[in-house]
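Right, one structure below, let's go through it.
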2 protein chains.
Amino acid sequence: MTSTTPAPRRRGRPPRAEAADAPATRDRILSAAREEFSQRGYDKTSVRGIAKAAGVDSALVHHYFGTKEQVFEAAVEKALAPALDARDTALDGPLDDVGERLARMILGLWENPVTRAPLLAIVRSAVNNEAAATVFRRLITSQLMRRVAARMEAPDAELRVELAAAQLVGIMMIRYVIKAEPLASADIEQIIQRVAPVVQGHLTNP
Amino acid sequence: MTSTTPAPRRRGRPPRAEAADAPATRDRILSAAREEFSQRGYDKTSVRGIAKAAGVDSALVHHYFGTKEQVFEAAVEKALAPALDARDTALDGPLDDVGERLARMILGLWENPVTRAPLLAIVRSAVNNEAAATVFRRLITSQLMRRVAARMEAPDAELRVELAAAQLVGIMMIRYVIKAEPLASADIEQIIQRVAPVVQGHLTNP
């Protein structure tokens, strides 16, 4: 005869039913986190608010992810996942036209409303909060910068990658965040044709 | 015999003593506004809070500037004043090296802590608030973009100016806001030497 008494819940440990469905629960928490960070900004978002939005106990959020900063990092990683796939495609090819592939990949993520919304939330948090900026900086450095730089031979590869990234970041800011014309309404192909040689030049010019 | 009864204060009208010292009072309000917007962000700043910080009545702030958005615009204009002087110097010279002069001027404002602080406050507000973004966009368009574009003959002059600005905006974001290395610590002269040809190219390449 089996006992019907539920096992005592330890703080930070998921109850059995939730543990069995852990990936779905994690996903639900991350979606709630992304929504909260994007609606309220980093400062005003709390682990408790995320837990409430996901319909779970705060302890479960702490159990899966840790601190608010770590939840943010996991939410950003999830939001950037399509970017990382696209990055691998962009990097997987000859270096002499990587500029166009990178420009097309990054601006493509911003053109797509599905990926634009979380990116915008990340940028807003990173601009306004030091902890969020640190997370963003760490991910961009480890996931994008170093991977591109690793393919290059120049001794100043990382600086080159950042100068190239700066051209694209500036386009993002003016076109998608500030929305200044004529750049906000310009044809995306025209923009890619103008910035691809700049990105390429920063990366590979002697 | 003259009456000693003070004239009744009309809402939005400064009392006589303050009116006599209007420029100093305006300046004090604008300094308080800049401080409030920069500390609290656009959303959390109120005309009442600005008035309190400046030691005046809210009605006086409304009298001089109007709505919160208009106070913000006036504060931004004041913060950008050194940039506008520098702009005139940068534009006052041959077009074939305007790229370096613009890069030097804009990055110079960010290198100087006195001008960097208000610029950072403006960027943070503009990234997070639509009304602030509109003010920022209007000022950048009327004060910088159109003036540079007016000196050029290309039919797509405004797009060119924005693509050039994008390179500099991206540097600002990575170096001063996100502070990602190696760009955050790179020698400013080295950065200017790398981006000046890009700015120039966007403006004048065929």
Side-chain angles (χ1 to χ4, degrees), chain A residues 41-44 120 122-130 132-141 144-145 149 156-187 190-191 193-195 197-199 201-202 205, chain B residues 41-44 120 122-130 132-141 144-145 149 156-187 190-191 193-195 197-199 201-202 205:
Chain A
Y42 187 89
D43 286 333
K44 281 187 250 170
L120 207 46
I122 295 167
V123 169
R124 293 203 161 118
S125 294
V127 166
N128 281 274
N129 182 283
E130 201 58 46
T134 303
V135 168
F136 187 58
R137 188 164 60 226
R138 194 162 56 217
L139 283 173
I140 292 292
T141 304
L144 191 59
M145 294 256 318
D156 57 350
E158 295 199 351
L159 181 63
R160 285 168 172 270
V161 174
E162 279 187 338
L163 291 167
Q167 173 72 75
L168 297 171
V169 166
I171 303 280
M172 284 159 32
M173 290 295 293
I174 296 176
R175 180 176 172 92
Y176 306 103
V177 181
I178 303 295
K179 301 188 187 111
E181 296 295 354
L183 196 50
S185 306
D187 177 61
Q190 190 190 2
I191 297 173
Q193 295 314 319
R194 301 271 191 127
V195 301
V198 171
V199 173
H202 280 309
N205 271 1
Chain B
Y42 186 89
D43 286 332
K44 282 187 248 170
L120 207 45
I122 296 166
V123 169
R124 292 201 162 120
S125 295
V127 166
N128 281 275
N129 182 282
E130 203 59 46
T134 303
V135 168
F136 187 55
R137 187 165 61 228
R138 194 162 56 218
L139 282 173
I140 292 293
T141 304
L144 190 59
M145 294 256 315
D156 57 350
E158 294 198 352
L159 182 64
R160 285 169 173 270
V161 174
E162 279 188 338
L163 291 167
Q167 173 71 75
L168 297 171
V169 166
I171 303 280
M172 282 160 32
M173 290 296 293
I174 296 176
R175 181 176 172 92
Y176 306 103
V177 181
I178 304 296
K179 300 188 189 113
E181 296 295 354
L183 195 51
S185 306
D187 178 61
Q190 190 189 2
I191 297 173
Q193 295 314 319
R194 302 272 191 125
V195 301
V198 171
V199 173
H202 280 309
N205 273 359

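We use all heavy atoms of the structure for the numbers below, so side chains are in, but hydrogens, waters and symmetry mates are not. So you know, we letter chains A, B, ... as the sequences are listed, proteins then strands, and number each from 1.
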Segment of [X] engaging chain B (4.5 angstrom heavy-atom cut-off):
| X | answer |
| --- | --- |
| A:Ile171 | both |
| A:Ala186 | side chain |
| A:Glu181 | backbone |
| A:Ala132 | neither |

**OP:** Could you look at B:Ala126 and say if it's the side chain, the backbone, both or neither that has a heavy atom under 4.5 Å from chain A?
**Re:** both
Original post:
Is it the backbone or the side chain of B:Leu183 that comes under 4.5 Å from a heavy atom of chain A, or both, or neither?
Top reply: both
**OP:** Look at A:Leu159, A:Val198, A:Val195 and state which one has the largest set of heavy-atom pairs under 4.5 Å with chain B.
**Re:** A:Leu159
Original post:
With sequence neighbours left out, what residues match A:Asp156 under salt bridge (charged side-chain N to carboxylate O under 4.0 Å, His left out)?
Top reply: A:Arg160, B:Arg194
**OP:** Without swapping roles, check the side chain of B:Arg137 against the backbone of A:Ile178 for a donor-acceptor pair under 3.5 Å.
**Re:** yes
Original post:
Of all of B:Gln190, B:Glu130, B:Met172, B:Lys179, which one pairs up most often with chain A through heavy atoms under 4.5 Å apart?
Top reply: B:Lys179
**OP:** Specify which of B:Val127, B:Ile191, B:Leu168 makes the most heavy-atom pairs with chain A at under 4.5 Å.
**Re:** B:Val127
Original post:
NZ/B:Lys44 to NZ/A:Lys44 distance, rounded to the nearest 0.5 angstrom?
Top reply: 5.0 Å
Subject >> Where B:Ile174 and A:Val169 come nearest, the two heavy atoms and their spacing >> reply: CD1-CG2, 4.3 Å
Subject >> side chain to side chain contact (heavy atoms under 4.5 Å, CB included) partners of A:Val135, counting only residues at least two apart >> reply: A:Glu69, A:Phe72, A:Glu73, A:Arg138, A:Leu139
